[in-house]
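What you are looking at is a predicted structure, and each value in this text was computed from that prediction instead of being measured. Both counts, for ligands and for their atoms, begin at 1 and track the order of listing. Only this structure's heavy atoms are used, side chains among them; waters, hydrogens and symmetry mates stay out.
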Amino acid sequence: MIGSDLLPRLSELIEWKEYSGVAIISDEQVVRFWGANLASALGGGGRLVVVPPGETSKCMGMVQHIWSELLAMGCDRKSLVLNLGGGMIGDLGGFAASTYMRGIDFVQIPTSLLSQVDASVGGKVGINACGIKNLAGVFQQPLAVIIDVDTLTTLPKREMRSGLAEVVKHGLIRDAPYLERICARSWEACGSSAWEEIILRSCEIKAEVVRADEREGGLRKILNFGHTVGHALEALFYQRGAGAEMLHGEAVAYGMFCEARLSHRVGLLSGSELDDIEDILRDLGLLVSMRGVSWTEILPLLKSDKKNIGGRVRWTLLRRIGEAVFDVELEDLLIEQTLRECFP
Ligand SMILES: NC(=O)c1ccc[n+]([C@@H]2O[C@H](COP(=O)([O-])OP(=O)(O)OC[C@H]3O[C@@H](n4cnc5c(N)ncnc54)[C@H](O)[C@@H]3O)[C@@H](O)[C@H]2O)c1
Ligand SMILES: [Zn+2]
């Protein structure tokens with residue numbers, strides 16, 4: 001469900017009273033803005049489990065904390081979990097719910113743009129472990145996804161931009177006219193009806209692709225555009241630890257910049273479309289500085305990507321704006337040349 005003013009109407013949207021218990025999982029920042037809304041919508045019928053914000057909470061220790069809180073609340077197999085927050089909470093809370101007593105129902109209530117257009121659709125939940133992002137997880141569809149666009153009013157600008165990168169990706173891989181519509185308006189001036197329209201189209205694109213290939217055997221891989229280099233960047237900053245941080249969308253935006261260049265270099269994408277893509281990413285303010293990142297650090301990280309098969313990187317590239325191809329294997333030299341150019 002996508003719309004405005006949905007949180008206060010939660011009671012009409014899900015039959016939560018049929019459950020023996022309801023737990024709301026959220027982070028400290030989101031709960032400050034939206035926790036009271038949700039709690040009052042449930043008339044005091046839900047119990048809160050609040051974790052610290054940030055990617056470090058998406059870990060096994062926090063899953064155990066959530067399980068023990070659920071136990072302490074007396075949650076049984078007929079209990080319901082509501083995940084109120086960004087992609088971190090959706091992944092963490094979804095994973096905790098999918099594994100608690102072999103899995104209980106959960107509802108995603110995404111509050112960041114990134115989670116509304118991407119993380120909450122597709123049924124992937126999981127945590128980081130052994131120093132690797134999303135190492136452990138399952139495919140488990142939520143009972144429902146409730147997207148209240150009003151929650152975006154409290155989201156910091158940098159986080160909005162991060163989510164916008166996935167919106168741009170959806171246009172690039174599947175829908176050129178959609179991308180044009182996004183570029184034609186100033187996203188900072190968008191009101192709730194404009195956001196409803198944008199989020200709806202992005203969810204449709206992701207759902208269309210996932211429906212065709214839920215387990216990522218083929219078509220779903222087009223959603224990985226920008227994510228091969230993007231994940232390497234995220235892994236690099238994750239390894240660098242405290243103080244160094246890069247948001248998912250920032251990594252993906254730069255990843256799309258590199259992978260569009262690769263697409264051109266192998267003769268798929270035309271030079272003029274490559275220029276258009278670079279202009280779009282710049283105009284929307286999505287390209288952050290990569291000073292201090294060397295191509296020699298990125299290259300080995302590409303090789304350890306979870307999506308590789310037999311140690312070979314499989315790329316998702318663009319044939320044109322609006323059409324992606326997947327499972328492309330490339331010569332090492334070509335990858336190296338492009339990375340040198342993108343991370344001088
Ligand atoms: N499961 C999937 O398919 C999938 C897809 C993409 C990303 N992800 C995961 O999603 C996570 C990134 O998601 P994210 O960017 O939403 O990060 P996030 O959940 O960490 O949220 C980013 C920040 O915004 C704050 N926030 C969220 N909503 C807010 C609101 N309405 N008002 C004010 N502050 C708000 C959070 O407290 C946090 O500090 C990563 O862990 C990534 O791996 C999962
Ligand atoms: Zn992504």
Side-chain angles (χ1 to χ4, degrees), residues 7 25-35 37-38 50-59 62 83-95 98 106 108-129 132-142 145 147-170 172-173 195 202-203 206-207 209-210 214 216 220-231 233-235 238 245-256 306-307 316:
L7 274 191
I25 300 176
S26 192
D27 74 35
E28 285 156 7
Q29 175 157 327
V30 174
V31 107
R32 201 174 314 134
F33 293 113
W34 301 99
N37 279 49
L38 189 57
V50 183
V51 305
E55 193 62 24
T56 47
S57 281
K58 214 175 99 175
C59 65
M62 214 52 83
N83 295 314
L84 174 74
M88 186 280 283
I89 285 294
D91 277 9
L92 171 72
F95 182 69
S98 308
F106 64 99
Q108 301 294 46
I109 310 177
T111 59
S112 67
L113 181 60
L114 187 116
S115 58
Q116 295 183 347
V117 297
D118 188 1
S120 63
V121 184
K124 281 188 189 175
V125 291
I127 53 167
N128 307 323
I132 297 178
K133 272 206 62 161
N134 303 323
L135 181 78
V138 294
F139 286 92
Q140 186 65 54
Q141 292 293 348
V145 181
I147 300 175
D148 187 335
V149 296
D150 298 344
T151 57
L152 295 178
T153 54
T154 59
L155 190 70
K157 281 261 148 55
R158 186 176 171 200
E159 298 289 347
M160 281 299 274
R161 245 182 244 117
S162 174
L164 205 58
E166 297 285 358
V167 170
V168 168
K169 180 193 78 180
H170 290 141
L172 286 174
I173 60 171
W195 281 118
S202 262
C203 288
K206 181 154 184 194
V209 171
V210 172
E214 192 171 349
E216 206 166 311
R220 187 168 182 161
K221 295 177 186 174
I222 67 171
L223 296 169
N224 294 334
F225 178 62
H227 284 63
T228 303
V229 173
H231 281 153
L233 275 168
E234 280 187 297
Y238 190 64
E245 67 164 315
M246 172 163 294
L247 302 184
H248 180 71
E250 292 172 344
V252 169
Y254 208 82
M256 292 194 289
K306 276 206 307 299
K307 296 182 296 294
T316 293

Closest contact, heavy atoms only, Ile89 versus Asp27: CD1-N, 3.7 Å
Atoms in ligand 1 with a heavy atom of Gly86 nearer than 4.0 Å: 16 (O), 19 (O)
Distance from atom 3 (O) of ligand 1 to nearest protein heavy atom, with residue and atom: Lys206 NZ, 3.7 Å
Shortest protein contact, atom 9 (C) of ligand 1 (heavy atom only): Asp91 OD2, 3.4 Å
Polar side chain donor-acceptor pair, His248 to Glu166, under 3.5 angstrom: yes
Atom indices of ligand 1, in the order listed, that fall short of 4.0 Å to a heavy atom of Thr154: 30 (C), 31 (N), 32 (N), 33 (C)
Pick from Ser112, Ser162, Ser57: the one approaching atom 16 (O) of ligand 1 most closely through a non-hydrogen atom: Ser112
Polar side-chain atom of Thr316 near backbone of Asn224 as donor-acceptor pair, under 3.5 Å: no
Exercise: do Trp34 and Ser26 side chains pair donor with acceptor under 3.5 Å: no
Proximity of Leu152 to ligand 1 by residue part, where a heavy atom lies under 4.0 Å: neither
Contact (N/O only, under 3.5 Å) between Ser115 and ligand 1: no
Polar atom proximity, Asp118 to ligand 1 (N or O, under 3.5 Å): no
Atom 12 (C) of ligand 1 [closest protein heavy-atom partner, distance rounded to 0.1 Å]: Leu114 CD2, 3.7 Å
Shortest heavy-atom approach to atom 43 (O) of ligand 1 - which of His248, Glu234, Lys58: Lys58
Any N/O pair Glu55/ligand 1 closer than 3.5 Å: yes
His231 touching ligand 1 at heavy-atom level, < 4.0 angstrom: no
Side chain, backbone, both or neither: the part of Asp27 lying under 4.0 Å from ligand 1 by heavy atom: side chain
Sub-4.0 Å heavy-atom contact, Glu166 with ligand 1: no
Contact check: Gly87 vs ligand 1, nitrogen or oxygen atoms, below 3.5 angstrom: yes
Atom 34 (N) of ligand 1: the protein heavy-atom neighbour that sits closest, reported with distance to 0.1 Å: Gln29 NE2, 3.0 Å
Nearest protein heavy atom with distance in Å, relative to atom 28 (N) of ligand 1: Thr111 OG1, 2.8 Å
CD1-CZ distance between Ile25 and Phe106, expressed to the nearest 0.5 angstrom: 10.5 Å
Nearest-0.5 Å distance, CD of residue Glu159 to CG of residue Leu152: 11.5 Å
Side chain proximity check, Met88 to Ser112, heavy atoms < 4.5 angstrom: no
Angle subtended at the Zn ion (ligand 2) by His248 NE2 and Glu166 OE2, rounded to 10 degrees: 90°
Options Arg158, Met88, Lys124, Glu159, ranked by nearest heavy atom to atom 19 (O) of ligand 1, top entry: Met88
Euclidean distance, Leu233 CG relative to Tyr254 OH, rounded to 0.5 Å: 8.5 Å
From CG (Leu155) to CG (Leu114), nearest 0.5 Å: 9.5 Å
Taking atom 35 (C) of ligand 1 as the reference point, the nearest protein heavy atom with its distance: Leu155 CD1, 3.5 Å
